[in-house]
2 protein chains.
Amino acid sequence: MAIKSKTRYAILGILSINSGTGYDIKKYCDTVISNFWNENFGHIYPVLSQLLEEGLIQEEDSSSTRKKVYTITESGRTEFLNWLLEPAEYQPMRSEFLLKLTFSSNLPKENIIAMLTDYKEKHLERLLKYQQLQDSLNKGNDEITTDRQIFLYAPLRLGILNTEAVLSWCDEILSAIQ
Amino acid sequence: MAIKSKTRYAILGILSINSGTGYDIKKYCDTVISNFWNENFGHIYPVLSQLLEEGLIQEEDSSSTRKKVYTITESGRTEFLNWLLEPAEYQPMRSEFLLKLTFSSNLPKENIIAMLTDYKEKHLERLLKYQQLQDSLNKGNDEITTDRQIFLYAPLRLGILNTEAVLSWCDEILSAIQ
DNA sequence: CGTACCATGTAAAACGTTACATGATTTA
DNA sequence: TAAATCATGTAACGTTTTACATGGTACG
């Protein structure tokens with residue numbers, strides 16, 4: 001059966017904004033949406049072949065180069081739109097960190113403090129990264145319409161709010177165990 | 001090669017608290033740690049066999065019943081402790097909802113409002129569930145030592161703070177697009 | 001006596017990551 | 001001209017979920 005993973009939709013979504021190669025798609029994932037999505041070449045290329053076969057994307061003829069520039073087709077847009085309108089499926093999360101913490105009751109207190117401090121530091125770094133991303137979004141707004149901008153800003157904003165929540169949580173738990 | 005997934009450690013962790021069957025382990029996952037961890041039978045039973053083979057757990061002899069009650073061994077505790085002390089690996093997250101939102105710029109405004117409202121409602125429900133769980137934790141504290149209780153309370157508290165962050169975010173974005 | 005829950009396991013399918021292999025093009 | 005980046009793809013591996021198959025036990 002056809003690949004039913006979400007990668008199809010990630011690719012269709014990216015191509016709905018700009019046509020591009022598999023390589024371009026990977027770059028888009030690693031930059032614009034890296035905070036909440038990731039893809040790898042081993043997945044992108046097979047899915048591209050499949051989308052082509054299904055007629056959801058087409059190859060721009062560029063016999064001159066080795067590049068394969070893909071464009072979304074009308075049926076591709078329809079398929080993508082249908083997916084967009086479905087409510088997002090519930091995703092059970094898995095946190096290795098919380099799993100460790102849950103079973104750390106027999107650990108010496110200093111180890112638990114170290115765990116939490118490390119977790120806090122990682123999230124402080126993440127917050128900084130988010131804020132830099134936000135700044136670069138605010139600066140580079142020539143190319144992006146204001147209407148589109150909020151859709152790039154919103155996920156980042158959620159990242160910031162969530163990370164801030166994690167930071168307060170770390171402080172709360174740290175003072176509770178001391 | 002041996003299974004290297006985190007399931008090994010989830011199982012060892014659960015058995016480090018209480019001996020039990022594969023079924024008990026599944027139940028523990030579905031109740032106590034369901035907010036941040038999940039396992040299924042198709043995974044639990046093979047991993048149990050493997051842990052037994054490696055001598056990290058042992059079977060209590062209960063020739064009378066069909067039940068297989070597993071207990072963690074000393075080497076199991078050592079292996080688990082070593083894992084606990086390693087820093088948790090970074091986990092790239094994937095949010096289907098944010099993927100949808102990012103590519104929704106061409107959707108009619110009412111659809112986007114519906115998306116966000118639906119997301120908000122789901123998180124309101126989740127918050128309620130968390131609060132109920134917290135209440136039941138506070139009540140049933142006879143069986144659990146106070147020292148252990150914070151380790152069950154902390155993940156829940158993070159769930160609450162995160163969910164509250166999502167709720168404010170929904171309001172923020174909803175008022176930004178209107 | 002039927003329903004719900006307890007209990008164990010296998011097989012297949014689906015999903016996802018990493019490593020491997022190859023070579024073109026651009027830039028310092 | 002060397003290094004970095006662009007560019008495409010396959011194969012292997014490992015992980016995870018779902019479906020299937022089976023039967024026991026407790027309770028109302």
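On a predicted model such as this, the values are computed, not experimentally measured, just so you know. Letters A, B, ... are given to chains in the order of the sequence lines, protein chains preceding strands, and every chain is numbered from 1.
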>> Apply salt bridge (charged side-chain N to carboxylate O under 4.0 Å, His left out) to residues A:K67 and A:E60 and explain how you reach the verdict.
In response: CA-CA 10 Å; A:K67 267 192 187 183; A:E60 279 179 18; over 6 Å; no

If you compare every side-chain N and O of [X] against the phosphate oxygens of [N] (OP1, OP2), does one of them come in below 4.0 Å?
| X | N | answer |
| --- | --- | --- |
| B:S5 | D:dT16 | yes |
| A:T7 | C:dC15 | no |
| B:N40 | D:dA19 | no |
| B:N38 | D:dT17 | yes |

Rounded interatomic separation in angstrom, taking [atom1] from [X] and [atom2] from [N]:
| X | N | atom1 | atom2 | value |
| --- | --- | --- | --- | --- |
| A:R8 | C:dG16 | CZ | C1' | 17 Å |
| A:F41 | D:dA12 | CZ | P | 21 Å |
| A:I25 | D:dT8 | CD1 | C1' | 12 Å |
| B:E53 | C:dG9 | CD | P | 13 Å |
| A:Q50 | D:dT8 | CD | C1' | 18 Å |
| A:I11 | C:dC15 | CD1 | P | 14 Å |
| B:D30 | D:dT17 | CG | P | 12 Å |
| B:K26 | C:dC5 | NZ | P | 14 Å |

>> Quick check on DNA chain C: between B:G42 and A:K6, whose nearest nucleotide comes earlier from the 5' end?
In response: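 Its nucleotide being nearer the 5' end, the pick is B:G42.
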
>> With nearest nucleotide decided by heavy atoms, which residue, B:Y70 or B:P92, maps closer to the 5′ end of DNA chain C?
In response: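 Final value for this comparison: B:Y70.
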
What nucleotide, of [options], holds the atom closest to the side chain of [X]?
| X | options | answer |
| --- | --- | --- |
| B:H43 | C:dT8, D:dG9, D:dT17 | D:dT17 |
| B:K68 | D:dG9, C:dG16, C:dT8 | C:dT8 |
| B:P46 | C:dG9, D:dT8, C:dT10 | C:dT10 |

>> Could you walk me through whether A:R126 and A:T163 satisfy the side chain to side chain donor-acceptor pair (under 3.5 Å) test, starting with their C-alpha distance in whole Å, then the side-chain angles of each, then the deciding distance to 0.1 Å, before giving a yes or no?
In response: CA-CA 8 Å; A:R126 196 178 299 183; A:T163 308; 5.4 Å; no

> Crowded around B:Q178 CD? As in, over 12 foreign heavy atoms under 6.0 Å?
Replying inline: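 Yes, CD of B:Q178 has more than 12 neighbouring heavy atoms, counting only those of other groups under 6.0 Å.
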
> Under 4.0 angstrom, heavy atoms only, what part of the nucleic acid is B:G22 near: base, sugar-phosphate, or nothing?
Replying inline: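 Answer is sugar-phosphate: B:G22 comes under 4.0 Å of backbone atoms only.
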
> In this structure, which one of A:T7, A:I14, A:D24 forms a side chain to side chain contact (heavy atoms under 4.5 Å, CB included) with A:C29?
Replying inline: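 Single side chain to side chain contact (heavy atoms under 4.5 Å, CB included) partner of A:C29 among A:T7, A:I14, A:D24: A:I14.
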
> Applying the side chain to side chain contact (heavy atoms under 4.5 Å, CB included) test to A:L51, which of A:L15, A:T73, A:L56 qualifies?
Replying inline: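 Passing option: A:L56.
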
>> Counting the benzene-type ring for Trp, do A:F97 and A:Y119 have ring centres under 6.0 Å apart?
In response: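 When the ring centroids of A:F97 and A:Y119 are compared, they turn out to be within the sub-6.0 Å range.
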
> Sequence neighbours excluded, which residues qualify as ring-ring contact (aromatic ring centres under 6.0 Å, His included) partners of A:Y23?
Replying inline: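 A:Y23: ring-ring contact (aromatic ring centres under 6.0 Å, His included) contacts with A:F41.
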
Distances under 3.5 Å only, N/O to N/O: pair up the protein atoms with those of nucleotides 3-6 of chain D.
| from | atom 1 | to | atom 2 | distance (Å) |
| --- | --- | --- | --- | --- |
| D:dC6 | OP2 | A:Y23 | OH | 2.8 |

> To the nearest 0.5 Å, what is the distance between OG1 (A:T71) and CD1 (A:I57)?
Replying inline: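 So the OG1 of A:T71 and the CD1 of A:I57 are separated by 8.5 Å.
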
